[in-house]
Amino acid sequence: MQLRIFTEPQDGASYDDLLAVAQATERLGFDAFFRSDHYLAMNGDGLPGPSDAWTSLAGLARETSTIKLGTLVSSVTYRHPGILAIQVAQVDQMSGGRAELGLGTGWFAAEHAAYGIPFPPKRFGLLEEQLEIVTGLWSTPLGGTYSFEGEHYQLIDSPALPKPIQSPVPVIVGGSGAKRTPALAARFATEFNIPFAEFDSIAAQFGRVRAACEAIERDPDSLVYSAALVVAVGSDEREFARRAAAIGREPEELRRHGIAGTASEAIDSIGALRESGVERLYLQVLDLGDLEHLDFIAADIAPHLTSH
């Protein structure tokens with residue numbers, strides 16, 4: 001089971017806070033540092049204010065060496081697809097080929113209102129066209145041009161530059177939709193992610209994605225199947241309860257909906273996820289000042305997953 005660290009900086013984090021977590025992520029042997037892409041706090045005062053996802057990832061690209069860096073997920077409402085393709089390709093270059101793009105429809109209407117970002121009621125068509133454009137720009141041969149005529153976007157004779165180092169850049173599509181989301185993942189994604197789902201619903205959603213792949217004659221095993229869940233663990237009940245309180249969550253609720261409790265409980269939960277088909281797990285770390293939490297996961301949980 002591959003473990004990644006996933007953060008929510010909109011709730012209150014400076015770039016230096018993110019840098020400390022990203023460098024700990026790398027030092028401790030986790031596979032990747034991911035962040036949400038939001039502009040308004042959902043918990044707390046959000047100080048010192050939001051950071052732009054791809055701006056901060058560009059900085060981290062130069063201050064880390066091995067971990068993957070990406071978003072879970074960027075919203076199609078924030079950036080035109082041509083600009084997004086340039087930003088991600090540049091971060092991929094700056095990191096030596098470590099960028100990954102999670103892309104979704106967006107959902108948080110209040111942040112759009114707060115910063116004057118249009119929020120159309122129907123956004124799935126935007127997502128479909130953006131995925132086609134971004135991947136199309138990256139895959140256009142050097143010296144060629146890319147054009148696109150869609151309902152929402154039109155590109156005419158784009159030089160399709162710059163090129164990322166990776167070919168292809170990993171693209172993550174996710175969600176719980178029963179038909180359109182699996183179909184979109186089958187067409188465009190290298191990874192399918194199911195975020196914050198009930199444990200017993202995960203296998204069925206993966207099955208829908210596999211069926212969508214088969215429907216277009218794509219090998220279902222060519223995708224990575226992942227999940228994102230909140231994490232709060234400790235060496236004993238007291239330490240776990242302290243970490244739960246620090247993020248404003250009840251211990252028993254966390255046990256039902258996340259990777260929570262003692263190390264043995266977390267190992268059992270991750271084992272159950274593996275049985276459901278999860279190959280990669282994003283651990284949502286909500287207290288970015290508690291780097292000892294990452295130390296504990298790396299020392300007391302991660303080493304036991306390969307044999308569990």
Side chains of T71 and D37 only: does a donor on one sit below 3.5 Å from an acceptor on the other? no
Donor-acceptor side-chain pairing of Q130 and Y153 below 3.5 angstrom: yes
Side chain proximity check, L281 to Q2, heavy atoms < 4.5 angstrom: no
Indicate yes or no: does E239 engage R243 in a salt bridge with an N to O separation below 4.0 Å. yes
Listed by chain and number, what are the side chain to side chain contact (heavy atoms under 4.5 Å, CB included) partners of R208, not counting sequence neighbours? A178, P182, A204, Q205
Residue from E26, E100, E279 passing salt bridge (Lys or Arg N to Asp or Glu O under 4.0 Å) with R4: E100
When the ring centroid of H112 is compared with that of W107, is the distance short of 6.0 Å? no
For R123 and T77, which I'm curious about, is there any donor-acceptor pair between the side chains at under 3.5 Å? no
Answer yes or no: does atom CD1 of I216 have more than 12 heavy-atom neighbours from other residues, nucleotides or ligands under 6.0 Å? yes
Side-chain heavy atoms of T190 within contact of V224, under 4.5 Å: no
List the steps and the verdict of side-chain contact (heavy atoms from CB on, under 4.5 Å) for T135 and L137. CA-CA 6 Å; T135 57; L137 287 167; over 6 Å; no
In terms of hydrophobic clusters joined by side-chain contacts under 4.5 Å, are I86 and W138 together? no
Any T66 side-chain heavy atom under 4.5 Å of F30 side chain: no
Between the side chains of Y78 and E111, is a donor N or O closer than 3.5 angstrom to an acceptor N or O? yes
P195 and Y282, any side-chain heavy atoms less than 4.5 Å apart: no
Do S36 and Q10 have side-chain atoms, one donor and one acceptor, less than 3.5 Å apart? yes
Side chain to side chain, Q284 and I259, heavy atoms closer than 4.5 Å: no
Hydrophobic cluster membership, with links at side-chain heavy-atom distances under 4.5 Å among I/L/V/M/F/W/Y: are F206 and L72 in one? no
Donor-acceptor pair, side chain of S222 and main chain of R218, under 3.5 angstrom: no
Would you say the side chain of V73 lies within less than 4.5 Å of the side chain of N193, judging by non-hydrogen atoms? no
More than 12 foreign heavy atoms under 6.0 Å from CZ of R242: is that the case here? yes
Between S276 (side chain only) and V278 (backbone N and O only), is there a donor and an acceptor less than 3.5 Å apart? no
Lys/Arg cation over aromatic F240: R255, 6.0 Å, 45° cone: no
Could you pull out all residues at least two apart from E63 that satisfy side-chain hydrogen bond (donor to acceptor under 3.5 Å, both in side chains)? Y15
If we count only N and O atoms by modelled type, under 3.5 Å, do the side chains of Y146 and D157 hold a donor and an acceptor together? no
Between L60 and R35, does a side-chain contact (heavy atoms from CB on, under 4.5 Å) hold up when you go through it step by step? CA-CA 11 Å; L60 297 176; R35 58 157 294 163; over 6 Å; no
Determine whether L229 and L283 satisfy the following criterion, side-chain contact (heavy atoms from CB on, under 4.5 Å), listing intermediate values before the conclusion. CA-CA 6 Å; L229 291 163; L283 298 172; 6.0 Å; no
For I270 and I301, what are the C-alpha separation, side-chain angles and deciding distance, and is it a side-chain contact (heavy atoms from CB on, under 4.5 Å)? CA-CA 10 Å; I270 294 171; I301 295 172; 4.1 Å; yes
Polar contact flag, side-chain donor to acceptor under 3.5 angstrom, R98-T64: yes
Any salt bridge linking D295 with R27? Criterion: basic side-chain nitrogen under 4.0 Å from a carboxylate oxygen. yes
